[in-house]
Amino acid sequence: MTPYRLTAGLFLAVVYLAAQALTGQLGLLSARARAAELADRQTQAVLLDQERQELEVRVAYLADDNLSRDLLEERARALLGYADPRDVVVTVAAPVADAPASRARS
């Protein structure tokens, strides 16, 4: 009986390892999913690298020794709401929904 137990144990170990080799996290069947995720991550890395380079250029223009007046004015307008005295500022009110008219239609 002992030789059969050893053989059955080895057979079960081989079956377990074969199943893990096929379907495990690093198995053969999940290789496509890993390749697709790698491609997505590489695309994200390229986009983030481009964004970082653009931000570095903008920071260089805002440095004390190389100050770009146009970029400084753009950022002041966007962040602080500043406007040039010669600018014409037009404010547009949001349209007000007519509640009684919408009830009458339904």
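What you are looking at is a predicted structure, and each value in this text was computed from that prediction instead of being measured.
With contacts defined as side-chain heavy-atom distances shorter than 4.5 Å, the pair V57/E54 does not qualify. Residues D87 and R77 meet the side-chain proximity criterion, which asks for heavy atoms closer than 4.5 Å.
Here salt bridge (Lys or Arg N to Asp or Glu O under 4.0 Å) pairs that include residues 24-37, with residues two or more places apart or in two chains, are E37-R41.
Checking side-chain atoms of S30 against main-chain N and O of G27 turns up a donor-acceptor pair under 3.5 Å.
By the salt bridge (Lys or Arg N to Asp or Glu O under 4.0 Å) test, R86 is found to be paired with D84, residues two or more places apart in sequence or in another chain being considered.
To the nearest 0.5 Å, the span separating CG on L12 from CG on L17 amounts to 11.0 Å. Rounded to the nearest 0.5 angstrom, D70 CG and R75 CZ are separated by 13.5 Å.
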Taking it one step at a time, do E74 and R58 satisfy side-chain contact (heavy atoms from CB on, under 4.5 Å)? CA-CA 11 Å; E74 173 191 336; R58 292 180 71 112; 3.6 Å; yes
